[in-house]
Amino acid sequence: MKRLATIASAAILLSGAGVFVALTASAATTRYEAETAPATCDGAIAANHSGYSGTGFCDTNAAVGAATQFTVTAPSAGSATVDIRYANGGTAGRPADVSVNGTVVQSAFAFDATGAWNAWATRTLTVTLNAGSNTIRLAATTASGLGNVDYVDVTTGGTTPTPTGRVLENLGRGVVAVRTGTSSVLVSWRLLGLDPAGIGFNVYRSTAGAAEVKLNSAVLTGGTNYVDTTANLAQSNAYRVRPVIGGVEQAASGAFTLTANHATEPVVRLPLRAGGPVKFVWVGDLDGDGEYDFVLDRQTSPQTIEAYRSNGQFLWSVNMGPNSTNQDNIEGGSSTIDVGHNDGVTVYDFDNDGLAEVALRIANGVVFGNGTTFTNSNNNLQFIAILNGQTGALRATAPVPTDYLADGPLYARFGVGYLDGVNPSLVAFMKNRIGTGDFNLVMAAWRFTGGAVTQQWKWLRGSQNAPDGHNTRIIDVDGDGRDEVAEIGFVLNGNGTLKYSLGPQGIIHGDRFHIAKMDPNRAGLQGYGVQQDNPSGLREYYYDAGTGAIIWRHVEAGVGDVGRGMAGDIDPRFPGMEVWSFSGLYNAPTNQLAEPNPTLRPWPHLGLWWDGDTTMELLNDGKIEKWNPAAPTATGSVPRLVSTWNYGSVNASGGPNPTFHGDILGDWREEVVYTNASYNELIIFTTNQPSSTRLYALAHNPAYRNAMTLKGYVQSHHVDYFLGAGMATPPRPNITYAP
């Protein structure tokens, strides 16, 4: 055995203004190799598959009860973390009963197929050890025996880190400038989540490369935007801002250049390589410069994924391979992405190093950004892959659960959540069809720590009454600092156990739901969902997101498929948010019709913060709209602020949606991303309207940032505080910045 690492006692880790981990005792990790006595192996110590640690691994007999056993030492009694490294080149899982000192602590603990006997993976569990010597035994529960076991790492002697803030991106100022008239430019920038109270800004402009000049006469302490009416727009103009703290100017932001004779348009355009239609765009800081870069799909056959820097510079491409050519939206290929309500891709800084990775669900034949090909003899086996965001090269893989492999590959919906309150996890919703009928459902979570990606848990719905839908939300529903995973009809705790189900209250499958602070005068968060063909006639419902208790429901005669549902504050006459589908526009907290005539409510598609007040605008099939409660118009005639097609954009492949929407540039208001009809340009719509509202960047709000990672049936993002008319100043987010 060998000691791997020691963490000093009473260490406090600081990042910027936020303290995020405090350790109150020392912790040590010791590795115990399977081939080294006193470890035992019911089989042979082998060395015929590469990639193992030490001099070999335990290859057990193919029999129920075949085991490997480790003798480990703990300096004191208490909990310990056990990381088990194994390989399973078979097509099915090889579960084991895990016992400690003769007592089974985990029955049929999953050791899923890893794809090859030289593809090593790690499973983690927490156990209680006695002071001194302990035995940890893994015993096969099937006739196939165990997978090959390389070693166990045992971490003892430390306390669990106390989460005091989750690690989010160290964003820059996101300066953006759009021409708004013959002689005017709107410049906007981010207020960051941890900026000190009272911070101000100065705006500088450089024309045609000349020396910068300050534009504002007094430090700007209101909305983080500025209208420049003095620029020579026949020349290029570069804008940047300098924060002012305590009367002292700080370092300048990055610059945004508005080209000479630029069009008057609320748009930023980035070039793309020629290619096929695009359905989804994801954002993340791939290169560590503090600004969002872009990853997009190409809906070709086979499919591909491409990455671009924030300035449009192409970085890499991944070919999803021959198993992505079957693009059936229910039973497609094992590496098919982005069809129906499935994606199988997301982008995030999973290891907190300041550089975003790309998470993919892959199978045999995928070609990575560095030209290497993923090879596996079984085309139905699937893997979680973590890619280097700058190169597209593979960094780590882990097997996708194989519980339902007999029914074919699993489609996936990916997102990110802080299940421990500090570190990001990849969360997956995965389904396949049982014959031509019902669906298997698997939920699972993984952590990537820079060297390996490890499955944290999986949850199988089986016969449980836990209704799912077409989009997932990952959000802290109970206010304990740790995220839960929410579906339209149930919520999982951050450890993968069921928190509650709405099924016993009559909720079934539905297309869309929202979780947000809808009622500023009620504790916690609230949920709103719609139903598809509920036999009770239930159309929509409103509930306490922390407990699942339904507050009100709307039932109508007959059975109806309610395909849309929205939540947002669009009527300042009523406290809190409005919610609506096709049964009328209701104020959520009071269950009161805000507009009695249901034909005068807006279409329930997407919300968007655009014009600068705190009520929500709407995004409907390429139209940015503003519903007017004082003079409501028919659903198809809501006053329009922007028609995106006037600027050359087209909807995303396969529907009326943008490829992405979210707060990625400028102040707190949201951007909408499309392509042009030739698919060789990203068209990013960003507001052209000044605002006095001062809010920190929505991307520094934990709930909102999680939502930016999720697709499914595309839905509005929500923050975890009330954002609407009469709102209070939002609390400072409990975050720290990545390096």
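Sequence positions, counted from 1, serve as the residue numbers for this chain.
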Before accepting this row, confirm whether a basic side-chain N of the pair [X]/[Y] lies closer than 4.0 Å to the acidic partner's carboxylate O.
X: Arg31; Y: Asp153; result: yes
X: Lys431; Y: Glu331; result: no
X: Asp663; Y: Arg705; result: no
X: Lys279; Y: Asp343; result: no

Geometric class of the His717/Phe660 ring pair [parallel <30°, tilted 30-60°, perpendicular >60°]: tilted

Parallel, tilted or perpendicular, as decided by the 30° and 60° cut-offs, for the rings of Tyr348 and Tyr418: perpendicular

Decide whether [X] and [Y] meet the rule of one side-chain donor and one side-chain acceptor closer than 3.5 Å.
X: Glu487; Y: Thr472; value: yes
X: Asn432; Y: Asp407; value: no
X: Asn370; Y: Thr372; value: yes
X: Asp83; Y: Thr124; value: yes

Verdict with supporting geometry, Val154 and Thr29, side chain to side chain contact (heavy atoms under 4.5 Å, CB included): CA-CA 5 Å; Val154 179; Thr29 299; over 6 Å; no

If you draw the axis of the six-membered ring of [Y], does the NZ or CZ of [X] fall within 45° of it and under 6.0 Å from the ring centre?
X: Lys711; Y: Trp282; answer: yes
X: Arg413; Y: Phe429; answer: yes
X: Arg298; Y: Tyr679; answer: no

Donor-acceptor pair, side chain of Thr126 and main chain of Thr81, under 3.5 angstrom: no

Rounded distance [0.5 Å steps], CG in Asp338 versus CG in Asn329: 12.5 Å

Passing candidate, side chain to side chain donor-acceptor pair (under 3.5 Å) with Glu291, options Arg190, Arg173, Arg309: Arg190

